[in-house]
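Throughout, protein chains are lettered first and strands after them, A, B, ... in sequence-line order, and every chain is numbered starting at 1.
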2 protein chains.
Amino acid sequence: MAQTVRRPAPRYGNRPTMKDVAARAGVGLKTVSRVVNSEPGVTVETERRVREAIDALGFRRNDSARVLRKGRTASVGLILEDLADPFYGPLSRAVEEVARAHGALLINGSSAEDPERERELALALCARRVDGLVVIPAGEDHRYLEPEIAAGVATVFVDRPAGGIEADAVLSDNAGGAREGVAHLLAHGHRRIGFVGDLPHIHTAAERLRGYREAMAEAGAPVDERWVSMGPTGAERVAAEAARLLSGPEPVTALFAGNNRVTVTALRVLADREEPVALVGFDDIELGDLLRPGVTVVAQDAALIGRTAADLLFGRLEGEPARPRQVKLPTRLIVRGSGELPPAGR
Amino acid sequence: MAQTVRRPAPRYGNRPTMKDVAARAGVGLKTVSRVVNSEPGVTVETERRVREAIDALGFRRNDSARVLRKGRTASVGLILEDLADPFYGPLSRAVEEVARAHGALLINGSSAEDPERERELALALCARRVDGLVVIPAGEDHRYLEPEIAAGVATVFVDRPAGGIEADAVLSDNAGGAREGVAHLLAHGHRRIGFVGDLPHIHTAAERLRGYREAMAEAGAPVDERWVSMGPTGAERVAAEAARLLSGPEPVTALFAGNNRVTVTALRVLADREEPVALVGFDDIELGDLLRPGVTVVAQDAALIGRTAADLLFGRLEGEPARPRQVKLPTRLIVRGSGELPPAGR
């Protein structure tokens with residue numbers, strides 16, 4: 001049947017094939033394959049004809065076919081917890097830069113803090129034959145990755161360690177950082193310090209709480225359990241809990257915020273109060289230096305974390321044979337004003 | 001040769017195959033294939049045996065092989081300009097949510113504002129046979145995508161239109177938003193208003209500058225070309241230009257910042273000055289409400305932009321036959337204080 005439409009409607013399956021290229025160039029299929037795969041045995045003139053046919057038809061090699069033949073795909077996957085959390089921006093970018101330096105494509109996705117979704121995404125990426133995975137885990141059981149790791153998928157966990165398997169991990173010194181931040185509040189005269197953190201089963205949340213308890217114990221300051229509030233870091237719960245900690249006959253005089261989302265909500269609560277309340281937050285926040293007072297934070301180096309994880313991943317892919325390693329990166333206390341406010345006089 | 005190591009070192013190519021599953025289950029290859037692909041013709045007992053073998057061996061279907069047979073991959077690609085720009089966080093998350101609702105995996109990457117990298121990434125994703133692409137373009141010539149689009153890859157451009165081809169696009173009303181923001185400054189008595197924007201060849205930057213000029217013209221306020229500064233939005237250049245606009249015998253009394261990065265740097269410059277200077281920024285910024293004064297902005301709805309683009313993409317994949325469409329989404333002026341400061345008295 002004659003084609004009367006000048007350009008067929010786009011549809012799957014009408015991509016030009018190597019056969020189309022061969023027909024147009026007037027050569028055999030093997031010759032086209034040699035040109036496409038940069039193999040020897042083709043004259044300059046023939047290669048020119050094949051390349052012209054490729055350009056004219058818009059032919060592209062199907063990398064899915066290559067994967068089946070060659071094993072490696074030059075792609076790595078990154079599973080984040082939340083694409084919209086600003087902490088992951090510089091981390092993703094750092095992983096991508098390292099991947100690119102190794103000629104690999106970064107494939108990204110997010111678990112939205114759902115273990116089932118993390119598993120589904122990780123296995124979907126493995127089914128697409130990524131060479132390696134960087135995982136910020138949402139779940140606590142990663143035995144589902146064992147067959148993948150055994151089959152050669154290099155896997156590095158970031159921010160939180162793997163559960164149930166031995167695997168490389170790049171973590172911040174969460175306990176040490178929180179201990180330093182809380183010690184800073186204690187050094188400025190606070191004894192009643194509230195801790196508002198994430199869900200207690202989350203590794204980073206538990207570690208930061210541990211740091212809080214250690215700092216308080218070192219200073220001989222007893223912890224009233226009503227000062228510790230662990231749970232979802234949505235604005236509603238955090239605002240209610242911060243308000244609770246700051247009310248009653250014996251309110252706290254300082255707050256330690258367990259992550260950037262808690263800090264932002266705590267700042268909103270404190271902005272509405274007359275009496276100044278000291279605040280130190282875990283994670284830096286943009287514009288934290290421009291608020292009055294500036295926001296004192298325990299900062300993680302998200303870009304360094306991403307770079308370290310990606311370096312570890314590509315080291316494994318290049319055959320580094322060592323046992324799984326856990327790298328712990330230091331945090332940094334940035335003093336800007338909010339953490340140096342004295343206890344409100346009462 | 002006998003295996004003496006209990007667990008072989010991970011390497012490529014030692015994944016269990018369907019053949020291994022068939023051997024372990026004591027059935028034929030075709031039977032395994034039927035179970036894996038949920039095809040009929042297998043007894044309950046045989047299916048159980050096959051599933052046990054699959055679990056025991058850790059077999060996973062290779063989706064790369066499926067792609068070759070079925071055409072569709074249930075994956076879409078998203079090319080961002082910069083993974084670390086907070087504008088793209090909610091946008092990516094919205095695209096991912098829509099993709100997930102359609103059972104598709106989102107594959108993400110960034111061009112880092114480099115047209116060559118955009119092209120490379122887009123073609124790499126097409127070579128991996130994504131069903132569709134959402135592109136925030138860095139380049140101005142997208143004819144390289146014509147063969148892909150003709151072959152059925154649904155493609156939607158976001159934030160900036162495609163160049164050289166007709167394609168779906170989801171844009172903010174950049175000119176209208178900037179016009180409203182500048183008109184707001186004019187309404188508060190300003191006549192000398194500086195505009196600090198991105199590189200002039202970037203569509204959004206040019207459109208926002210157009211909105212500035214239109215607002216000034218409507219108010220009968222002549223524009224001194226020294227008030228307009230277009231270029232890279234790194235902190236160094238923006239700080240220098242903001243300082244220049246605010247100095248000399250006839251400084252501007254207000255600044256319009258062309259995007260969130262410009263706004264953040266402008267805020268740092270203004271924080272060091274005694275005399276208040278009015279500021280309106282394009283794009284909202286986190287904590288903009290907590291600064292004193294609060295930061296008046298022209299906000300885009302990044303999540304709505306992402307959702308709209310993804311809906312358009314999956315509509316195309318489901319066969320919507322219409323001509324390429326351009327959707328323009330409104331912006332919103334958020335009044336918080338910095339844009340309502342009167343001109344400094346001189």
Checklist entry - CZ/R143(A) to CZ/R119(A) distance, rounded to the nearest 0.5 angstrom? => result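 It comes to 10.5 Å.
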
Next on the checklist: If we ignore hydrogens and angles and just use 3.5 Å, is the side chain of S338(A) paired with the main-chain N or O of L279(A) as donor and acceptor?
Outcome noted: yes

Checklist entry - Does any N or O in the side chain of D131(B) come within less than 3.5 Å of the main-chain N or O of A74(B), such that one atom is a donor and the other an acceptor? => result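 Yes, the answer is positive, given that a donor and an acceptor are paired below the 3.5 Å cut-off.
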
Contact leader toward chain A among [options], where contacts are heavy-atom pairs under 4.5 Å:
{"options": "I107(B), D85(B), I285(B), L91(B)", "result": "I107(B)"}
{"options": "L78(B), L57(B), L125(B), D82(B)", "result": "D82(B)"}
{"options": "A271(B), G109(B), S75(B)", "result": "S75(B)"}

Item to check | Distance-only side-chain donor-acceptor flag, T155(A) / E148(A), under 3.5 Å | outcome: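 Side-chain D/A pair, T155(A) to E148(A): absent.
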
Below 4.5 Å from any heavy atom of chain B, which atoms of [X] appear? Answer side chain, backbone, both or neither.
{"X": "R100(A)", "value": "side chain"}
{"X": "L105(A)", "value": "side chain"}
{"X": "D289(A)", "value": "side chain"}

Next on the checklist: Whether R261(A) and E286(B) form a salt bridge (side-chain N of Lys/Arg under 4.0 Å from carboxylate O of Asp/Glu) is what I want to check.
Outcome noted: no

Next on the checklist: So that I can tick it off, tell me whether R307(B) and D301(B) are bridged by a salt bridge, with the cut-off set at under 4.0 angstrom between side-chain N and carboxylate O.
Outcome noted: no

Checklist entry - Using a cut-off of under 4.5 Å for heavy-atom pairs, which of L267(A), N108(A), L106(A), L290(A) has the most such pairs with chain B? => result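 Looking at each option in turn, the highest pair count goes to N108(A).
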
Next on the checklist: Out of G288(A), S110(A), A94(A), return the one with the most heavy atom pairs under 4.5 angstrom to chain B.
Outcome noted: S110(A)

